[in-house]
Amino acid sequence: MENNTAPKLEKKPVIFSGIQPTSGSFTLGNYLGAVKNWSKLQDSYNCAYSIVNMHAITVRQDPAQLKKNTLSAFALILACGVDPEKSIAFIQSHVKTHAELAWVLNCYTQFGELSRMTQFKDKSAKHADNINAGLFTYPSLMAADILLYQTNLVPVGADQKQHLELARDIALRFNGLYGNVFQVPDGYIPKTAARIMSLADPGKKMSKSDENAKATVFLLDPPDTIIKKFKSAVTDSEALVAYREDKPGINNLMSIYSAVTGASIEEIETQFAGKGYGDFKLAVGEAVVEELRPIQEKHARLLADKAYLESCYRAGAEKALGISQRTLDKVYKKVGFLPY
Ligand code: TRP
């Protein structure tokens, strides 16, 4: 199936990234570590951003909630600055090539490779009653997401590096057998990306599935909730706002403050010299509230206009299909599927 009207992703390097719609919102960590940068990449790269709802069902979801969260997450990436005119923004399940390529790639991915994935081991320990095949082959679907768009660069956090490595291995293996079918993707770690830790346990990454509600700030948390979470952030007993190895709680708060205000670590140390942690925590909370206010407002406006959102995700899916179908057609031909 050729689609001649499909837009071409040309010249500029291609960036692909995906985010799960699990809670309809993202954490401050997702935002400062990834999504905030997505909008900045749109002029220099051809970007495709997907709400990966097919990945989400590898753990059990409430269907009504998943549907609602998917739309909310889509609106949220737009509210964070992803421009549907510049980038391809779409919902994974709308673009059938993802499932189709994932199947083929499953047949070029080894059981042993998938068994070594630390996320699989972690998630199967956490969901011991539902260690399904999708949870196991999750990385093949992720590889399909990436490889369908001939992606050059994938912005991913440390927790996804192993999956990206596997996507590269699969691409190299397939290319080795059949010629240059896939661009082999590289990881992309923007210099400005912040690694945000839990507010309750700064030794751990901020995670949306943390059981401690105070550990994680969500983008759609109301302002007073955000302030409360920062006020209860775990620090140390020294009462010194300084970036040092033995002060993970304060370091984390400083990184957050720096990421939202643009102030350097030295500037923050100077600004808060002689001040207590109470003042500093409040300042960080307020800065985060101000950073998120326009995003929350835009998100609410977008969700109130379902017709506009629908036109965006439909247009995104069409563009995504046009590009990805070309890759899938090649793959089908290479593996020997009879043309239809
Ligand atoms: N596995 C990623 C995560 O949980 C989400 C994801 C799915 C992704 N497909 C992707 C990220 C492709 C980058 C590229 O964070």
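Counting starts at 1 for both ligands and their atoms, in listed order.
Using a 4.0 Å cut-off between charged side-chain N and carboxylate O, R173 and E113 make a salt bridge. Between K96 and E100, at least one side-chain N (NZ, or NE/NH1/NH2) sits under 4.0 Å from a carboxylate O, which counts as a salt bridge. Ion pairing between E238 and R244 holds under the 4.0 Å rule for side-chain N and carboxylate O. A salt bridge is absent between D129 and R60; no separation between the charged side-chain nitrogens and carboxylate oxygens falls under 4.0 Å. Remark: K12 does not engage D43 in a salt bridge, criterion side-chain N to carboxylate O under 4.0 Å.
Within the 4.0 Å heavy-atom criterion, neither part of D159 lies near ligand 1.
Remark: among candidates Q160, M142, Q92, the nearest residue to atom 10 (C) of ligand 1 is M142, based on non-hydrogen atoms.
Listed by number with element, the atoms of ligand 1 under 4.0 Å from a non-hydrogen atom of V52 are 7 (C), 9 (N). Near V154, with a cut-off below 4.0 Å to any heavy atom, the atoms of ligand 1 are 13 (C), 14 (C). Below 4.0 Å from some heavy atom of Q20 lie the following atoms of ligand 1, by number and element: 4 (O). Counting the atoms of ligand 1 from 1 in the order shown, those under 4.0 Å from a heavy atom of H55 are 7 (C), 9 (N).
In terms of protein heavy-atom proximity, atom 4 (O) of ligand 1 is closest to Y138 OH, 3.0 Å. The protein heavy-atom contact nearest to atom 9 (N) of ligand 1 is D145 OD2, 2.7 Å. At the shortest separation from atom 13 (C) of ligand 1 among protein heavy atoms lies G18 N, 3.5 Å.
Using the six-membered ring where Trp is involved, Y138 and H163 have ring planes that are tilted, between 30° and 60° apart. Between Y49 and W38, the ring-plane angle classifies as parallel under the 30° and 60° cut-offs.
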